[in-house]
Novice: 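The structure under discussion is supplied below as structure tokens; questions concerning it will follow.
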Amino acid sequence: MAWLSITSAASAAQSVFAWEPFEIELTAEVQLEQPYVEGLVEGSPGYVVATFTGTSGAAKGREIVLSGFWDGGQTWRIRFAPPATGEWSYRTESTDPGLDGASGKLSALPRSENELDANPTLRGFVRVADQGERAGRYFVYADGTPMLWIGDTWWGWTKPDIRWESRKKLVDDRAEKGFNIGQLFVGGHGWSGKDGILNDTYSEPDFERLKEVDRFIQYANSKGITVWVHGWWSRAEWSSEGNLRDTVGEEKMRRWSRYLVHRLGAYNVIWVIAGEYNKHNYSGFDINVWKRMGEMIDAEDPYERLLSGHPTPPTYPGGQFAPQWSTSDLLHNETWLRYNQSQTGHRRYCEELIPWVVTRDYSRQPAKPIVITEPCYEFILGNPPASTVRFAAWAAVLSGAAGHSYGGGHIWWGHVPESPVGASDTWPMELSFETDTLDYPGAQSVGFMGRFLRQLPWWTLDPHPELVVEYPSQLCSANLGEEYLALVRYGGRIKLDLRHTLPSSRFRFRWIDPADETIGEWQEVIGGGIRAFDSPGRGRLGEFDQMVLHLVRIDDGDVLVE
């Protein structure tokens, strides 16, 4: 992904592509004592603000107002991603003469279809589909192209001692496997109050680390991966009895979140109010603190991109006193909440709850997408078995989720040779580097699911568990009369109710093995009745014999019974 930066106003228009980050670098005349604090005064606009106005083409009539951010010394920057092709003009405003009155022109060019197909993040920021029969159920890029969420968990990857080569390897591997979301913790306070990007008084960022964050996100975008960003993680120490609550406080949390929006907002990112915001009874903060956080982030970002929160499940001690299976329990009707997130937890039985959690959120109005952003992780090879990871992923999407996230021990911790985690810091995780979560079978399977589904019009499929007859697991999604997917969890025979189709209608079907990543040959079946399908499972010892059944209509004319 290209990057254009200018250091002063220019008479000739600069050229970038639509949705390509464009940066203005300015030098302040006044050296503030604490620019990070004084430049982000609560209730006031940023210290420097730029107004971008569309003057021709698709951009005409559009206006985007963005705040700049302090980048050390007397340097301030403003980053803009033009959301439409055509000509743009801009002008800055500030009380500082060095930052005020910078102006210029910008020409936003279209991308070729080949470029857009090769890298979907170039299609614009991710938002909720607002048109069609399934509006509110799935995600799209800004140009309307459907986006299936296949996420990976990158909580620890802003640690300062991780080498660039390791970050690049992670992105390259995940992009190749089919992942398109990286869930990144850009922590103001760090883990357990340590190793944060802000200093101990939360008054100044570590700019070298932020440059690495910029580079990491920019590289992920260049490989087709949108980065999920949150700046706070709740902690037990944030209880009313602890001191972090008083040391951090709502004002400092809001300031860091605003800074991240200003600094990272020109990238293809997703905002999250906090990680496990309800942990330990809202970490000593009332739920209204987090509602205000969502309102503030939404107001700061003019692009209307995705925004949500990451909750703790009732199965954790930290979530038992503010129990939420998903954001929908307390936040569904908040206008800033674009979609719901759920964490089912890291006990194997929690994966069995996924169909219930997703179905429950799917039934809520107004319709909003639901994603399980923290299921059971693969910590040690074989625990949980990959079949559990596969079940979680397929059960989620067939129940109506807009995608699914994966997590593995080496990856969520950022456990790499140059930055290993200690035994006391881990859950039951393999500390050696003989194997790597990058290639655990569950990770392979989730990536395969994403690659397979993207070959289909997956966004047209609604959950239809009632179509599964005489089978103990009812996981089916369909565009009635056109296409069907069903998870045959235990192998054996499954029956699908096709009585809503005409007896003359013809379908072809095939079997997908999500473990071996093999796809069988097409066979044919007619509609008009309850049809039986015998799974070609291999009877794997010690694992569920999961297979996926795929049916597609092949005849023309009417197919549904009136």
Side-chain angles (χ1 to χ4, degrees), residues 32-47 67-72 155-156 158 160 184-207 209-210 213 229-265 271-301 307-312 316-319 321-322 324 327 330-331 334 336-337:
L32 300 177
E33 185 176 345
Q34 288 188 314
Y36 170 74
V37 176
E38 297 174 67
L40 288 168
V41 177
E42 182 74 27
S44 300
Y47 191 60
S67 294
F69 61 93
W70 179 49
D71 203 28
W155 301 150
T158 61
L184 185 67
F185 176 39
V186 187
H189 65 91
W191 295 107
S192 301
K194 300 176 181 178
D195 200 25
I197 296 177
L198 289 173
N199 63 3
D200 291 343
T201 60
Y202 303 93
S203 60
E204 184 171 329
D206 182 333
F207 294 109
R209 288 183 64 186
L210 280 170
V213 171
V229 172
H230 70 296
W232 299 103
W233 200 286
S234 293
R235 284 283 174 254
E237 297 85 5
W238 284 17
S239 67
S240 57
E241 295 80 20
N243 58 13
L244 272 182
R245 181 171 184 260
D246 296 328
T247 304
V248 180
E250 182 179 2
E251 181 182 357
K252 293 176 182 178
M253 291 195 302
R254 290 168 65 85
R255 182 179 295 122
W256 178 241
S257 296
R258 285 183 73 196
Y259 183 85
L260 290 180
V261 172
H262 299 167
R263 185 178 187 108
L264 305 179
W271 307 127
V272 181
I273 57 171
E276 306 201 56
Y277 59 87
N278 60 316
K279 192 174 184 180
H280 303 285
N281 196 14
Y282 309 113
S283 299
F285 295 105
D286 184 87
I287 186 62
N288 290 312
V289 169
W290 301 113
K291 288 182 179 181
R292 289 193 293 269
M293 180 75 83
E295 292 168 356
M296 181 272 294
I297 293 173
D298 192 31
E300 290 289 325
D301 187 342
L307 171 60
S308 189
H310 183 63
T312 297
Y316 288 0
F321 300 101
Q324 295 175 48
T327 50
L330 292 181
L331 300 174
E334 298 295 317
W336 56 264
L337 188 90

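Quick caveat: nothing in here was measured; it's all calculated off a predicted structure.
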Novice: For the side chain of R254 and the backbone of G249, is there at least one donor-acceptor N/O pair under 3.5 Å apart?
Specialist: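 No.
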Novice: State, yes or no, whether a side-chain contact exists between T327 and L337 at a heavy-atom distance under 4.5 Å.
Specialist: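 Sidechains of L337 and T327: in contact.
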Novice: With respect to Y259, which candidate in L198, L210, L264 satisfies the side-chain contact (heavy atoms from CB on, under 4.5 Å) definition?
Specialist: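 Single pass found, and it is L210.
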Novice: Specify the closest pair of heavy atoms between G68 and H262, including all atoms of both residues, with the distance to one decimal.
Specialist: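 The answer is O-ND1, 3.7 Å.
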Novice: Applying side-chain hydrogen bond (donor to acceptor under 3.5 Å, both in side chains), name anything that partners E251, two or more places apart in sequence or on another chain.
Specialist: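 So E251 forms a side-chain hydrogen bond (donor to acceptor under 3.5 Å, both in side chains) with R255.
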Novice: Would a distance-only check, ignoring hydrogens and angles, find a side-chain to backbone donor-acceptor pair under 3.5 Å from N278 to Y282?
Specialist: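 Not at all, since once roles are kept as given, no pair shorter than 3.5 Å links the two residues.
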Novice: So which atom in T201 and which in S203 form the shortest heavy-atom distance, rounded to 0.1 Å?
Specialist: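 T201 and S203 have their closest heavy atoms at OG1-OG, 2.7 Å.
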Novice: For the backbone of Y36 and the side chain of E204, can you confirm whether one donor and one acceptor N or O come within less than 3.5 Å of each other?
Specialist: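 Judged by distance alone, no pair lies under 3.5 Å.
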Novice: Tell me whether D71 is salt-bridged to R263, with the criterion being a basic N under 4.0 Å from an acidic carboxylate O.
Specialist: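 Yes, this pair counts.
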Novice: Under a 3.5 Å distance rule, please check whether S67 uses its side chain to pair with a backbone N or O of P45 as donor and acceptor.
Specialist: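 No; zero donor-acceptor contacts below 3.5 Å.
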Novice: Can you tell me how far the CZ atom of R292 sits from the CD1 atom of I273, to the nearest 0.5 Å?
Specialist: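 Atom-to-atom, R292:CZ and I273:CD1 are 12.0 Å apart.
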Novice: Hey, would you say the W155 and H230 ring centroids sit under 6.0 Å apart?
Specialist: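 They qualify: ring centres under 6.0 Å apart.
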Novice: Going by heavy atoms in the side chains, are Y202 and M253 under 4.5 Å from each other?
Specialist: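 No, side chains not in contact.
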Novice: About how many Å separate CG of L40 and CH2 of W70, when rounded to the nearest 0.5 Å?
Specialist: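 Result: 10.5 Å between the selected atoms.
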Novice: Looking at W233 versus H189, is the centre-to-centre ring distance below 6.0 Å?
Specialist: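 No, the ring of W233 stays outside the 6.0 Å limit from the ring of H189, centre to centre.
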Novice: Does this structure show an ion pair linking E42 with R258, if we count only N-O contacts that are shorter than 4.0 Å?
Specialist: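 Result for this pair is no, no salt bridge flagged.
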Novice: For residues Q324 and Y277, determine if any side-chain heavy atom of one lies less than 4.5 Å from a side-chain heavy atom of the other.
Specialist: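 Q324 reaches Y277 side chain to side chain.
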Novice: Backbone N or O of R209 within a donor-acceptor pair of the D206 side chain at under 3.5 Å?
Specialist: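 Checked: pair present.
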Novice: With the side chain counted from C-beta on, respond yes when F69 and L260 share a heavy-atom pair under 4.5 Å apart, and no when they do not.
Specialist: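 F69 vs L260: side chains apart.
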Novice: Counting N and O atoms only, with roles assigned by atom type, does the side chain of E300 sit under 3.5 Å from a partner on the main chain of M296, one being a donor and the other an acceptor?
Specialist: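 Here the side-chain-to-backbone pair does not exist.
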Novice: Over 60° means perpendicular and under 30° means parallel, so classify the ring planes of F285 and W290, tilted if in between.
Specialist: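 W290 and F285: perpendicular rings.
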Novice: My understanding is that only residues two or more places apart in sequence, or in another chain, count here; which of them pass salt bridge (Lys or Arg N to Asp or Glu O under 4.0 Å) with E276?
Specialist: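 Partners of E276 under the salt bridge (Lys or Arg N to Asp or Glu O under 4.0 Å) test: none.
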Novice: Has F207 got more than 12 heavy atoms of other residues, nucleotides or ligands less than 6.0 Å from its CZ?
Specialist: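 Check passes, neighbour count above 12.
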